[in-house]
Amino acid sequence: MRILVFNPNATESMTHGIAAAAKAAAPLDVEIVGRTNHGAPAAIQGPEDGAAATPGVIAAAAAAASQGFEAMVIACFDDVALAEARAAARIPVVGVGQAAYHAAMLWGGQFSVVTTLPVSVPVIEQVISGYGFSAHCAHVRASGLPVLVLEDDPDRSTPVLIAQAKAAAAEDGAKALVLGCAGMAPYGPAMSAASGLPAVDGVAAAVGLARTLAAATSR
């Protein structure tokens with residue numbers, strides 16, 4: 001089975017990191033192919049960036065089946081153009097945000113999200129509400145870290161994310177953490193260890209769900 005893991009932003013190094021996380025989570029029978037949305041913003045940080053990335057996401061979804069893919073993962077936590085991509089595709093399309101929320105609820109029902117900048121919080125809250133998950137979300141926490149800082153500066157990022165994870169456990173009553181950026185996967189083990197909460201990586205969750213959907217459906 002071949003799964004396309006599509007990075008909606010234009011940062012090639014982030015695509016490589018996301019694809020590596022996807023490959024680590026994928027069963028042996030799954031081939032992961034990572035691709036970058038060239039011409040999109042360097043990072044998706046707010047609704048304007050999401051809108052600019054949308055045409056490339058839709059085009060990738062429309063072409064995926066003819067390129068031999070059996071499922072597609074949109075690797076942006078905002079689930080950029082997820083509905084439009086599903087309408088355009090002939091294969092299952094899974095967003096990392098939606099997959100992470102489902103997994104977090106299965107862990108314990110109540111979850112907190114740790115994301116990047118404050119500008120991302122309203123978008124995430126709107127997406128959570130649209131999925132009907134608001135009652136399960138204790139808090140969406142902005143770390144203040146830009147997406148590319150997560151990518152380039154782990155020494156700066158790690159203590160900030162650990163502090164947010166501890167606060168989610170102590171203040172929010174969360175039973176699980178959701179890593180609110182596709183580039184946050186490397187920090188999950190440290191955040192989980194510090195907080196005592198399971199840290200759900202949306203990329204891993206989406207790959208597993210995409211495989212399941214592809215195996216269970218035919219179009």
Side-chain angles (χ1 to χ4, degrees), residues 1-23 25-26 30-102 115-116 119-120 122-124 126-128 130-131 146-148 150-151 180-185 201-219:
M1 179 183 296
R2 297 180 79 225
I3 295 178
L4 171 62
V5 176
F6 191 75
N7 175 15
N9 73 42
T11 301
E12 193 74 37
S13 61
M14 187 167 288
T15 303
H16 295 324
I18 291 168
K23 289 174 182 177
V30 173
E31 177 188 356
I32 298 293
V33 178
R35 288 188 181 166
T36 304
N37 192 9
H38 297 292
I44 309 298
Q45 297 178 135
E48 293 82 6
D49 291 334
T54 290
V57 175
I58 295 172
S66 65
Q67 295 170 348
F69 294 106
E70 294 168 76
M72 175 176 172
V73 170
I74 298 176
C76 172
F77 194 75
D78 293 350
D79 287 346
V80 170
L82 178 58
E84 297 92 331
R86 283 178 174 156
R90 294 185 289 113
I91 56 175
V93 181
V94 178
V96 298
Q98 189 176 41
Y101 303 138
H102 278 288
T115 189
T116 51
V119 71
S120 298
V123 177
I124 291 171
Q126 183 178 10
V127 169
I128 290 171
Y131 292 149
V147 171
L148 297 182
L150 293 175
E151 177 78 7
C181 175
M184 212 176 274
D201 168 32
V203 174
V207 166
L209 186 55
R211 179 186 179 276
T212 299
L213 288 170
T217 60
S218 58
R219 293 184 64 177

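Quantities reported herein were computed from a predicted structural model and do not represent experimental measurements.
- For the atom pair Gln45 CD and Asp78 CG, the distance stands at 9.5 Å (nearest 0.5 Å).
- Counting all heavy atoms, side chain and backbone alike, Ala10 lies closest to Ala40 at CB-O, 3.2 Å.
- The CD1 atom of Ile58 sits 13.5 Å away from the CZ atom of Arg86 when rounded to the nearest 0.5 Å.
- The heavy-atom pair separating Ala214 from Ala71 by the smallest distance is CB-CB, 4.1 Å.
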> Between Phe77 and Tyr101, is a ring pair (Phe, Tyr, Trp, His ring centres under 6.0 Å) present by the stated rule, with each step listed?
Replying inline: CA-CA 10 Å; Phe77 194 75; Tyr101 303 138; 5.5 Å; yes

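- Using a 4.5 Å heavy-atom threshold, the side chains of Val30 and Lys23 count as separate.
- Between Asp49 atom CG and Ile44 atom CD1 the span is 5.5 Å, to the nearest 0.5 Å.
- Shown here is Gln67, whose CD atom has more than 12 heavy atoms of other residues, nucleotides or ligands within 6.0 Å.
- The two residues Ala19 and Gly34 have their closest heavy-atom pair at CB-CA, 4.2 Å.
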> Would Val73 and Val203 count as a side-chain contact (heavy atoms from CB on, under 4.5 Å) if you check the C-alpha gap in whole Å, the side-chain angles of each, and the deciding distance to 0.1 Å?
Replying inline: CA-CA 8 Å; Val73 170; Val203 174; 5.7 Å; no

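- When all heavy atoms of Ala42 and Thr11 are compared, the pair lying nearest together is O-OG1, 2.5 Å.
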>> Could you walk me through whether Glu31 and Met1 satisfy the side-chain contact (heavy atoms from CB on, under 4.5 Å) test, starting with their C-alpha distance in whole Å, then the side-chain angles of each, then the deciding distance to 0.1 Å, before giving a yes or no?
In response: CA-CA 6 Å; Glu31 177 188 356; Met1 179 183 296; over 6 Å; no

> When you look at Phe69 and Val33, which way does the side-chain contact (heavy atoms from CB on, under 4.5 Å) test go after all the steps?
Replying inline: CA-CA 9 Å; Phe69 294 106; Val33 178; 3.6 Å; yes

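- Heavy atoms only, all atoms of each residue included: Val207 and Ala22 are closest at CG2-CB, 3.7 Å.
- Leu82 is listed as a side-chain neighbour of Val93, based on a closest heavy-atom distance under 4.5 Å.
- Nearest heavy atoms, Ala65 versus Ile91: CB-CG2, 3.9 Å.
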>> Quick one, Asn37 with Val57, criterion side-chain contact (heavy atoms from CB on, under 4.5 Å). Give me CA distance, side-chain angles, the key distance, then yes/no.
In response: CA-CA 7 Å; Asn37 192 9; Val57 175; 4.2 Å; yes

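- For the atom pair CZ of Arg35 and CE of Met72, the computed distance is 9.5 Å after rounding to the nearest 0.5 Å.
- Here the side chains of Val96 and Ile74 are not in contact, with every heavy-atom distance at 4.5 Å or above.
- Panel note: side chain Ser120, backbone Thr116; no donor-acceptor pair is recorded below 3.5 Å.
- The line from OG1 of Thr36 to CD of Glu12 is 3.5 Å long, rounded to the nearest 0.5 Å.
- Atom SG of Cys76 is separated from atom CG of Asn7 by 8.0 Å, given to the nearest 0.5 angstrom.
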>> Does Glu84 form a side chain to side chain donor-acceptor pair (under 3.5 Å) with Thr54? I'd like the steps, not just the answer.
In response: CA-CA 9 Å; Glu84 297 92 331; Thr54 290; 5.5 Å; no

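- Using a 4.0 Å cut-off between charged nitrogen and carboxylate oxygen, Glu70 and Arg2 do not count as a salt-bridge pair.
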